[in-house]
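See structure below.
All values below were derived from every heavy atom in this structure, side-chain atoms included, with hydrogens, water molecules and symmetry-related copies excluded.
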Amino acid sequence: MNKGLKNKAYFFTLCVSIYITQVWINLYFVSSKNVDFYKYFDFINYFLKLNVDIDYGHSPLYYFLVTKMFESNINNLTLGNYTQLLSTAIQNLNLILFLIGLSGFYNFLKFKNFKKNTILLSLSVLCFFPQVLILRSLMKPEIIAFAFIGWIVLFIEKYM
């Protein structure tokens, strides 16, 4: 098998891994049923301008992004699908941040001269780690740290 076809096969494996895990998360997990959800729900209410004060020490950036994702589907909102739309908004934002994180780790490992096939296979396996699945399914700002840690390490290495 030539090198180009092998690279495409590993990239396809990564894409399938991301797709399978995203579908699994969307089908079997409702993010708004999380234990901590109601603790952080005030952030969403605040950005929806529902006259709520936030008194937590978290950065509101993540919750602002969740609210914007939720607002993009607000035309489809009914009383019956509120939790599903909110869960979908959370999981779609987490997917975008996860993809940013994967690209950061890919670029970092490429900078460290790892083989492309090894990197793609490693990222494919990473998609199935239980902690990564949890990270992608909950409404918690830790996904932002994952999104940028690979990029931060890459830029520090380039600077050094």
- Query: Does S124 reach the side chain of Y10, with side-chain heavy atoms less than 4.5 Å apart?
  - Reply: no
- Can N117 and N7 be said to form a side chain to side chain contact (heavy atoms under 4.5 Å, CB included), step by step? CA-CA 6 Å; N117 296 342; N7 286 342; 2.4 Å; yes
- Is any side-chain heavy atom of I100 closer than 4.5 Å to a side-chain heavy atom of W151? yes
- Residue pairs fulfilling salt bridge (charged side-chain N to carboxylate O under 4.0 Å, His left out) with at least one residue in residues 13-37, sequence neighbours excluded: D36-K140
- Item | Pairs where residues 58-78 contributes a residue and the test salt bridge (charged side-chain N to carboxylate O under 4.0 Å, His left out) is met, not counting sequence neighbours | K68-E71
- Here the gap from C127 atom SG to L102 atom CG, rounded to the nearest 0.5 Å, amounts to 5.5 Å
- In the hydrophobic cluster built from side-chain contacts under 4.5 Å, what are the other members alongside F29? I134, L138
- Query: What residues, two or more places apart in sequence or in another chain, satisfy ring pair (Phe, Tyr, Trp, His ring centres under 6.0 Å) together with Y46?
  - Reply: none
- Item | Full working for side chain to side chain contact (heavy atoms under 4.5 Å, CB included) between Q84 and T88 | CA-CA 6 Å; Q84 188 59 41; T88 302; 3.4 Å; yes
- Determine whether Y19 and F12 fall in the same hydrophobic cluster, where Ile, Leu, Val, Met, Phe, Trp and Tyr are linked whenever their side-chain heavy atoms lie under 4.5 Å apart. no
- Message: Which residues pass the ring pair (Phe, Tyr, Trp, His ring centres under 6.0 Å) test with Y82, not counting sequence neighbours?
- Response: F70
- Message: The criterion is side-chain contact (heavy atoms from CB on, under 4.5 Å); which residues satisfy it with W24, sequence neighbours excluded?
- Response: Y28, L133
- Measure the shortest side-chain to side-chain distance between S137 and N34 over non-hydrogen atoms and say whether it is less than 4.5 angstrom. no
- Could you please spell out the steps behind the side chain to side chain contact (heavy atoms under 4.5 Å, CB included) verdict for L50 and I44? CA-CA 9 Å; L50 295 177; I44 294 174; over 6 Å; no
- Query: Rounded to the nearest 0.5 Å, how far apart are NZ of K8 and OG1 of T13?
  - Reply: 14.0 Å
- Message: Quick check for you: to the nearest 0.5 Å, what is the distance between L123 atom CG and C15 atom SG?
- Response: 11.0 Å
- Task: Drop me the distance from L14's CG to L121's CG, to the nearest 0.5 angstrom.
- Result: 9.5 Å
- Just wondering, do T118 and S122 contact through their side chains at under 4.5 Å, heavy atoms? yes
- How many angstroms lie between CD1 in I25 and CZ in F98, if you round to the nearest 0.5 Å? 8.5 Å
- Which pairs pass ring pair (Phe, Tyr, Trp, His ring centres under 6.0 Å) with one or both residues in residues 105-139, sequence neighbours excluded? F105-F146
- Which pairs pass salt bridge (charged side-chain N to carboxylate O under 4.0 Å, His left out) with one or both residues in residues 146-160, sequence neighbours excluded? K112-E157
- With hydrophobic residues grouped by side-chain heavy-atom distances under 4.5 Å, do L27 and M139 end up in a single group? no
- Message: To check you understand the geometry: which heavy-atom pair defines the closest contact between I90 and V66, and what is its length?
- Response: CG1-CG1, 3.7 Å
- Message: For residues I20 and V125: do they belong to one hydrophobic cluster (side chain heavy atoms under 4.5 Å, members Ile, Leu, Val, Met, Phe, Trp, Tyr)?
- Response: no
- Could I get the full list of side-chain contact (heavy atoms from CB on, under 4.5 Å) partners for T83, not counting sequence neighbours? S32
- F37: what forms a ring pair (Phe, Tyr, Trp, His ring centres under 6.0 Å) with it, not counting sequence neighbours? F41
- Atom NZ of K110: over 12 foreign heavy atoms under 6.0 Å: yes
- Does Y62 have any ring pair (Phe, Tyr, Trp, His ring centres under 6.0 Å) partners at least two apart in sequence or in another chain, and if so, which? none
- Do M69 and I96 come close enough that some side-chain heavy atom pair is under 4.5 Å? yes
- Message: Tell me whether S87 contacts the main-chain N or O of V30 through its side chain, where contact means a donor paired with an acceptor under 3.5 Å.
- Response: no
- Query: Can you tell me how far the CD1 atom of I143 sits from the CG atom of L97, to the nearest 0.5 Å?
  - Reply: 6.0 Å
- Please identify each residue that fulfils side-chain contact (heavy atoms from CB on, under 4.5 Å) with L95, with sequence neighbours left out. I18, Q22, L99, R136
